[in-house]
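Written out below as structure tokens is the structure these notes cover.
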Amino acid sequence: MARIGATPGGGVHRLTLSDADREARDLFAKWCGEAGLSVAVDEMGNMFARRPGADEAAPPAMLGSHLDSVPCGGRFDGSLGVLAALEVVRSLNDRGLRTRRPLEIVNWTNEEGPRFPPAMLGSGVFCGKYARDWAYQVRDSEGRRFGEELARIGYQGTLPCRPRPLGCYLELHIEQGPVLETEKVQAGVVEGIVGIAWLRVTLKGERDHAGPTPMAMRRDALVGAARVIAAVRAMPAALHPDMVATVGELFVSPNAINVIPGRVTFSVDFRHRDEALMRRARERVLKAVEDAARGERLEVEVEDLGGSSPLPFHPEAVGAVEEACRAGGCSFRRMWSAAGHDARYAAELGPTAMIFIPCAGGKSHCEEEDAAWEDVARG
Ligand code: GLV
Ligand code: MN
Ligand code: MN
């Protein structure tokens with residue numbers, strides 16, 4: 001799978017609804033067919049590969065994750081969960097085992113979100129958080145619509161994308177942080193997912209010549225953005241040791257060495273498990289934007305790109321993961337996820353849990369992302 005969209009640095013560049021995403025989907029569908037599964041695609045392009053159960057009326061046990069990646073991302077984020085689910089099915093097939101519930105492997109559309117924010121859009125529509133037609137009109141930075149790109153790659157299915165009960169949902173993922181590796185623990189039993197908020201801020205100043213324009217006369221949008229970025233970076237320390245905040249995307253216009261930037265657009269991402277703290281963080285970011293705009297006499301636009309509230313997983317499902325670790329003789333610790341996962345939305349439709357495995361140096365969303373095969377197999 002990692003050959004599709006492979007980057008020279010050993011990662012993958014497989015943005016959602018790109019040609020590489022289509023190729024990954026085609027390969028996944030082919031492997032599912034070879035494993036005897038029937039593949040259905042819903043209106044959001046979510047793919048469900050089904051293995052019948054003894055009780056076909058029972059809500060399915062669902063396993064999976066996503067095959068899309070961030071720009072120049074890693075080979076494991078998402079793909080691990082989808083392909084591990086396929087391995088589960090192959091193992092059941094090899095042993096001739098029949099489960100009571102039907103099993104469904106899912107590949108969710110647009111888990112990552114950088115191309116078509118917000119993240120977890122496919123599972124978000126599936127659980128009823130976002131409307132399908134709202135999702136279709138979301139545009140990427142080049143103005144292309146989600147719905148058009150979905151149709152273009154041939155994955156706009158006919159199955160309605162709407163909530164249905166899940167017997168359970170389970171997602172295997174690399175930790176994407178350093179805790180398991182540092183503590184030499186083999187598995188993370190995930191207790192819940194932090195709240196995530198995404199904003200897009202646009203600052204408008206005045207484009208002008210970098211030479212003759214006196215410093216006092218400038219309205220420099222990039223200087224305003226720099227002040228906000230510094231404030232975002234400082235915010236977690238003021239609010240809570242576990243809060244994180246990031247400006248990861250920046251568009252400078254016209255982006256030329258001898259032109260005062262007239263317009264800057266940037267993203268803000270902040271996360272924490274406490275909803276009240278998330279509200280305070282939002283107020284602080286908005287205040288920082290206001291202050292920066294006043295200082296540099298800029299116009300401001302703030303767009304809420306969506307996000308998800310903090311969510312603790314089902315205690316029994318979490319307990320089942322812990323029990324499996326014990327039974328398998330695998331060391332574990334409980335932990336929250338500071339990364340977003342589709343399990344966040346699946347949890348609204350049935351008992352949900354996640355399993356984390358260690359990853360090299362805790363690194364993720366980069367080409368260096370790596371995991372040891374023993375850890376993958378144990379997971
Ligand atoms: C998805 O990987 C996210 O946590 O943003
Ligand atoms: Mn992921
Ligand atoms: Mn990711």
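What you see below is based on every heavy atom in this structure, not just the backbone, and it leaves out hydrogens, waters and symmetry mates. One-based numbering, in listed order, for ligands and for the atoms of each.
Cation-pi check for R200 over F266 is not met; the charged atom does not lie both under 6.0 angstrom from the ring centroid and within 45 degrees of its normal. Geometrically, R144 does not engage Y136 in a cation-pi contact defined by less than 6.0 Å to the ring centre and at most 45° from the axis.
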List, pair by pair, the atoms of ligand 1 and of the protein that are both N or O and lie under 3.5 Å apart, giving the separation rounded to 0.1 Å.
from	atom 1	to	atom 2	distance (Å)
ligand 1	2 (O)	E112	OE1	3.0
ligand 1	2 (O)	H365	NE2	3.1
ligand 1	4 (O)	R271	NH1	2.8
ligand 1	4 (O)	R271	NH2	3.4
ligand 1	4 (O)	G340	N	2.7
ligand 1	5 (O)	R271	NH2	2.8

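In this structure, the separation between CZ on R152 and CZ on R145 is 16.0 Å, given to the nearest 0.5 Å.
Atom CZ of R378 is surrounded by more than 12 heavy atoms from other residues, nucleotides or ligands within 6.0 Å.
Annotation: protein N, O or S atoms under 2.8 Å of the Mn ion (ligand 3) (waters excluded) comprise D77 OD2, E112 OE1, E112 OE2, H365 NE2.
F270 has its ring centre no less than 6.0 Å from the ring centre of W198. Taking the six-membered ring where the residue is Trp, the centroids of H314 and Y169 are separated by 6.0 Å or more. Ring to ring, W373 and F76 are close: their centroids are under 6.0 angstrom apart.
Each of L15, V138, T16 was checked for a side chain to side chain contact (heavy atoms under 4.5 Å, CB included) with N110, and the lone residue meeting it is T16.
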Handout entry: Stepwise salt bridge (Lys or Arg N to Asp or Glu O under 4.0 Å) check, E322 with R334
Key = CA-CA 8 Å; E322 199 173 278; R334 286 179 170 239; 2.5 Å; yes
